[in-house]
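Written out below as structure tokens is the structure these notes cover.
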Protein chains: 2
Amino acid sequence: MAQKNKLQFIILGLLDQQPLTGYDLTKAFDHEIGEFWQAQHSQIYPQLKRLEEQGYITHEITISGEKLEKKLYHTTPTGQAVLTTWITAGTPELTATKDEFILKLYFVRTNRDPRLPEMLLEQLQLHVDKSEHLQARLATVFPTKKSQAENFGHYLILQHAIGRENYYVTWLKQTLAALPK
Amino acid sequence: MAQKNKLQFIILGLLDQQPLTGYDLTKAFDHEIGEFWQAQHSQIYPQLKRLEEQGYITHEITISGEKLEKKLYHTTPTGQAVLTTWITAGTPELTATKDEFILKLYFVRTNRDPRLPEMLLEQLQLHVDKSEHLQARLATVFPTKKSQAENFGHYLILQHAIGRENYYVTWLKQTLAALPK
DNA sequence: GTAAAACATGTAACTTATTACATGTTTTAA
DNA sequence: TTAAAACATGTAATAAGTTACATGTTTTAC
């Protein structure tokens, strides 16, 4: 049976690496994690509550400045076991993509459609930008072989995301080049 | 502002190509469309109702056999205009992927983790199978240059999906090969 | 002939995800 | 000094998506 509520495992995984606040978790979804999963703080805070109720995580309160309370969450041994089970279990279902642009293309019936070049060029720009942005991050976050080895999973997914964007760019260029003059 | 309720446009696009029933639409999401968008019949039937209420589509009833009623939907001129507007508008937001496997990888901290080879090999098999399946479909559905030109969008997205799977396969193989002995 | 699979259409309940509402603190830069 | 940005945490309302419930017909293969 397919595991559901993946968000709980992602949060568990992040908290297992280091204690974090709900705010920190929210930010994590803006960067590398966000390439492969998205969540807003309105989903994260209630999920933290549920994970704590289940005994998978706990928190301690720290004070920032005069009175701003931060809840630093971390995993419990139970939570760590649940996380390991999730990672170790197979992942036999390929999560399907949602790509609005590709769908628009689907409804373009001929390669002579005058809208095609413009549509493809817009996406080309977007994916080139994204690839460059990710490459800059890779260079910043993982400048050395050592840093890559120390956070191997993180390095892998960044590298995967870049490759994916590069494939998209290649495909767009190729498709543009194949259009009739 | 980002366009929402993409499903309505996809249905509109499919119905604009040829009249279809809700059942036909459901099946369409099992094949090529399903590579880029998913929907169950429980989402499709209510959406058809709404689209008809808005005057974007209409239907006529045909009888199959003795008494089985089929509702064949097709677009109205209003619906066609709405569809064109959607396609012509830019698509500046890259729809983000959700990939559970990649997230699991993220939580693998070192390249010596004994679970890694197994995890990567499972995905390799899945993506090889998928690529092969898609390639078989491409060969069946688009055997000639002529057939490719006649349904250009459909051809493009199938080809894109294959390339995407192939990139995934390449990346997995490369990652496997780079693991320490 | 008959059973299974495919065809066909819908609703209900529930889960997941997004956007909006709501409030307050701390840090940074002008 | 003060305004803006960032930090920080929550809930409410809505939208989107999945699973389950519910029913009946037609075709295909045995």
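All figures in this text were calculated on a predicted structure; none of them were measured in a lab. Just so it is clear: chains get the letters A, B, ... in the order the sequence lines come, proteins before strands, and each one is counted from 1.
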**OP:** Measure from CD on A:Gln40 to P on D:dA13 and round the result to the nearest Å.
**Re:** 19 Å
Original post:
According to a strict under-4.0 Å criterion, is A:Lys49 in side-chain N/O contact with OP1 or OP2 of D:dT11?
Top reply: yes
Original post:
For the ring pair B:Tyr23 and B:His41, is the centre-to-centre distance below 6.0 Å?
Top reply: no
Original post:
Whole Å only: how far is the CG atom of A:Asn5 from the C1' atom of D:dT18?
Top reply: 14 Å
**OP:** Assign each of A:Pro46 and A:Ser64 to its nearest nucleotide of DNA chain D by heavy atoms, then name whichever residue's nucleotide is nearer the 5' end.
**Re:** A:Ser64
Subject >> Aromatic contact, B:His160 with A:Phe101 (centres under 6.0 Å) >> reply: no
Subject >> Short side-chain N/O contact to D:dG17 OP1/OP2 from B:Ser42, under 4.0 Å >> reply: no
**OP:** Could you tell me the separation between the CD1 atom of A:Ile63 and the C1' atom of D:dA8, rounded to a whole number of Å?
**Re:** 12 Å
Original post:
For the pair made of NZ in A:Lys4 and P in C:dA17, what is the distance, rounded to whole Å?
Top reply: 13 Å
Original post:
Side chain of A:Lys27: nearest nucleotide among D:dT9, D:dG17, D:dC7?
Top reply: D:dC7
**OP:** Check the distance between C:dT18's P and A:Trp37's CH2 and give it to me in whole angstrom.
**Re:** 10 Å
Original post:
Can you tell me if the side-chain N/O atoms of B:Tyr23 get under 4.0 Å from OP1 or OP2 in C:dT9?
Top reply: no
**OP:** Output the single nucleotide from C:dA8, C:dT18, D:dA20 whose closest atom is nearest the side chain of B:His41.
**Re:** D:dA20
Original post:
Between D:dA8 atom C1' and A:His59 atom NE2, what is the distance in whole Å?
Top reply: 13 Å
Original post:
Does the side chain of B:Lys98 get closer than 4.0 angstrom to OP1 or OP2 of C:dA17 through an N or O atom?
Top reply: yes
Original post:
Will you find, in the side chains of B:Glu100 and A:Trp86, an N or O donor that is under 3.5 Å from an N or O acceptor?
Top reply: yes
Original post:
OP1, OP2 of C:dG10 versus side-chain N and O of B:Lys71: anything below 4.0 Å?
Top reply: yes
Original post:
Which of these nucleotides, C:dC7, D:dA6, C:dG24, is closest to any side-chain atom of A:Leu68?
Top reply: C:dG24
Original post:
With under 30° as parallel and over 60° as perpendicular, where do the rings of A:Tyr155 and A:Phe152 fit, or are they tilted in between?
Top reply: tilted
